[in-house]
Amino acid sequence: MTVSQIDEEVAKLLELKVQLGGDESRHQFTLKTAKGTRDYNPKQMAIREKVFNTIISCFKRHGAENIDTPVFELKETLTGKYGEDSKYDLTPASWSGNSLFLDPTPSQVPFARYLAMNKVTNIKRYHIAKVYRRDNPAMTRGRYREFYQCDFDIAGQYDPMIPDAECLKIVHEILSELELGDFRIKVNDRRILDGMFAVCGVPDDKFRTICSTVDKLDKMSWEDVRSEMVKEKGLSEEAADQIGQYVSLQGGMDLAERLLQDAKMSQSKQACAGLTDMKQLFSYLQLFQVTDKVVFDLSLARGLDYYTGVIYEAILTQTGPVPVAAAQNGAGEKAEEGVSVGSVAGGGRYDGLVGMFDPKGRKVPCVGVSIGIERVFSIMEQKAEASAEKVRTTETQVMVASAQKNLLEERLRLTAELWNAGIKAEVMYKKNPKLLSQLQHCEDSGIPLVAILGEQELKDGVVKLRTVHSREEIDVSRAKLVEEIKRRTLDV
């Protein structure tokens, strides 16, 4: 059978389908996106692009390279590092066999696998990509099954706390540049936490489960956390009360110095090592001029087991109502009106993860941060909705227009000249559009300039260049038009 015969048969089948009720079935079908996903209109995508550009620019300013890893991993890769009892629900991919699973979050596991597999011992990288999870989505709170993950990591053997301080500096820069609102960055150390648990009388086998309960302090009151530790986790009331005295403490370098002198904490070598590094960290943060937003908070206890040292979390705070979308991937989900919007970034040091993948167990120390990009998007979208400022969805610098009829060829010729010179230009797809319609399109789209052609302009070898917002017009010679447009639209 020839190709043309196949095409004829397909056409007959399609025609038959319509005759047998295709129209009826089409009326019954409801168009919608898959559960836990959404579409983004041009305005929303313009906001997202601005956020991405800000973040990527920051990463590159700090010398980061870009890498990419697959969106799915072997099941044994994920379950071996998250743990079978992980809160992350692994999603089977649709490829043949049952061994491929979509990687949920966080992305440090694929990164560690990448380092071990490629024998990379030092790299400063960033990675921005879509990832997926299978748990129940909460669309009204910004929690989706398909979402972006945005990571920055430094891998390699370096002197203590220098890379860690840079990660915190990056978080400070990004949140400041995006102007999301007031924020603070909470820092702690898993060694300090473990030392605190030990001196408070927590049995070794309860460290992780008590740590996960303390991690709920951003969502629950101390009374509820204490009750869970005692009644559900079997911790003694005395140990719980001692923990309560420590997790209420906040400060900076002064708190680290005070805890080093604390009668109980000073008994733990692990805690003392963490506190010494915390002092060093704050000395670097002072040099980076970010201590105004960073607080040493003993209640911070990020739940993942692979963190080995410094941990941190950035929280947005505000005095007005919180945005609706206040829950993002893996971040704290409590949002109290006038107090906290929730976590927008988090990370820490994970020195042992790469060694779990390396056949010889060779360790590559790592520290990194993940930006809660979906929450950032939600906040930026709501800010744009609340403000009167119009969001441009294109970057067009100039509209090529005509004031008279029969000038389509001249408009197309000039548009091509501008395109070839790297100018972002548009032309209306009509032979004889009205000048008012062309100007209105510029108003609606935010195009700043209009290059107007007429019979007289063509004779004189000039173009009438109109500034849309002021309606000021000047004649510019054809030879200098590109230079003038570039000069007037430097920020576009």
Side-chain angles (χ1 to χ4, degrees), residues 40 44-74 77-78 81 93 100-133 144 146-158 162-178 180 288 304 306 312 314 328-331 344-351 353-354 357-358 363-377 380 395:
Y40 297 92
Q44 291 166 326
M45 288 305 298
I47 293 170
R48 288 184 158 231
E49 187 174 3
K50 178 183 177 182
V51 172
F52 278 138
N53 288 342
T54 299
I55 293 173
I56 292 172
S57 175
C58 179
F59 290 162
K60 289 183 174 181
R61 186 162 63 242
H62 285 262
E65 300 172 287
N66 192 14
I67 70 164
D68 194 17
T69 54
V71 72
F72 50 89
E73 293 279 350
L74 295 174
T77 299
L78 300 177
K81 309 311 160 193
L100 297 180
F101 278 69
L102 294 174
D103 176 31
T105 180
S107 69
Q108 281 85 358
V109 171
F111 177 53
R113 190 267 309 151
Y114 169 88
L115 295 179
M117 194 174 85
N118 294 284
K119 297 181 173 56
V120 177
T121 56
N122 61 79
I123 187 174
K124 184 187 291 186
R125 70 102 196 203
Y126 73 91
H127 183 217
I128 299 176
K130 279 187 175 182
V131 291
Y132 302 84
R133 61 179 155 214
Y144 308 107
E146 177 188 64
F147 57 96
Y148 273 98
Q149 193 144 285
C150 180
D151 302 301
F152 174 92
D153 295 89
I154 301 172
Q157 189 73 51
Y158 302 109
I162 302 175
D164 311 63
E166 185 171 9
C167 286
L168 292 168
K169 170 66 172 170
I170 285 171
V171 174
H172 189 284
E173 287 181 11
I174 289 172
L175 296 183
S176 298
E177 289 177 41
L178 290 176
L180 299 176
F288 285 157
L304 290 168
Y306 58 67
Y312 35 83
Q328 199 274 332
N329 332 311
V344 289
R349 176 161 288 281
Y350 51 104
D351 289 348
L353 197 56
V354 178
F357 293 100
D358 192 279
K363 292 185 178 181
V364 178
C366 298
V367 64
V369 63
S370 293
I371 307 297
I373 199 75
E374 295 295 341
R375 177 172 290 169
V376 170
F377 288 150
M380 295 289 282
E395 296 182 2

Kindly indicate, with the supporting measurements, whether the criterion side chain to side chain contact (heavy atoms under 4.5 Å, CB included) is fulfilled by Leu74 and Arg113.
CA-CA 11 Å; Leu74 295 174; Arg113 190 267 309 151; over 6 Å; no
On a heavy-atom basis, which atom in Val71 and which in Lys130 lie closest, and how many Å separate them?
CG2-O, 3.6 Å
How long is the straight-line distance from CD of Glu65 back to NZ of Lys60, given to the nearest 0.5 Å?
11.5 Å
Do Ile373 and Phe52 come within less than 4.5 Å of each other through their side chains, counting heavy atoms only?
yes
Tyr126 versus Cys58: any side-chain heavy-atom pair under 4.5 Å?
no
Considering only heavy atoms from C-beta outward, does the side chain of Phe152 approach that of Ile371 to under 4.5 Å?
no
Any pair with a residue in residues 162-172 that passes salt bridge (charged side-chain N to carboxylate O under 4.0 Å, His left out), sequence neighbours left out, goes on the list, sorted by first then second residue, please.
Lys124-Glu166, Asp164-Arg349, Lys169-Glu173
Looking at Tyr350 and Gly368, what are the two nearest heavy atoms and their distance?
CE2-N, 4.0 Å
Non-hydrogen atoms of Val376 and Leu178 that approach each other most closely:
CG1-CD1, 3.7 Å
Residues two or more places apart in sequence or in another chain: which of them pass salt bridge (charged side-chain N to carboxylate O under 4.0 Å, His left out) with Asp68?
none
Which atoms form the tightest heavy-atom contact between Ile174 and Ile55, and what is the distance?
CG2-CG1, 3.8 Å
Verify side chain to side chain contact (heavy atoms under 4.5 Å, CB included) between Ile123 and Ile67, making sure each step is shown before the conclusion.
CA-CA 10 Å; Ile123 187 174; Ile67 70 164; 4.0 Å; yes
Would you indicate whether the side-chain heavy atoms of Tyr40 and Ile47 approach each other to under 4.5 Å?
no
Give the intermediate values and the outcome of side chain to side chain contact (heavy atoms under 4.5 Å, CB included) for residues Leu353 and Cys366.
CA-CA 8 Å; Leu353 197 56; Cys366 298; over 6 Å; no
Atom CD1 of Ile162 and atom CD1 of Ile154: how far apart are they, to the nearest 0.5 Å?
10.5 Å
Is a side-chain donor or acceptor of Asn66 paired with a backbone partner of Arg125 at a separation under 3.5 angstrom?
no
Tell me the closest heavy-atom pair linking Asp358 and Ala116, and the distance in Å.
N-CB, 3.9 Å
Can a donor-acceptor pair be found between the side chains of Tyr306 and Gln108 at a distance below 3.5 Å?
yes
Might you work through the side chain to side chain contact (heavy atoms under 4.5 Å, CB included) test for Glu374 and Arg48, ending with a clear yes or no?
CA-CA 9 Å; Glu374 295 295 341; Arg48 288 184 158 231; 2.7 Å; yes
Under the rule for ring-ring contact (aromatic ring centres under 6.0 Å, His included), what residues qualify as partners of Tyr114, not counting sequence neighbours?
none
Just so I know, are the side chains of Met380 and Leu180 near enough to count as touching, which here means a heavy-atom distance under 4.5 Å?
yes
Describe, in one word, how the ring planes of Phe377 and Tyr148 are oriented to each other, choosing from parallel (under 30°), tilted (30 to 60°) and perpendicular (over 60°).
perpendicular
Can you tell me how far apart OG (Ser57) and NE2 (His62) are? Round to the nearest 0.5 Å.
9.5 Å
Looking only at heavy atoms, what is the nearest atom pair of Asp151 and Gln149, with distance?
OD2-CG, 3.3 Å
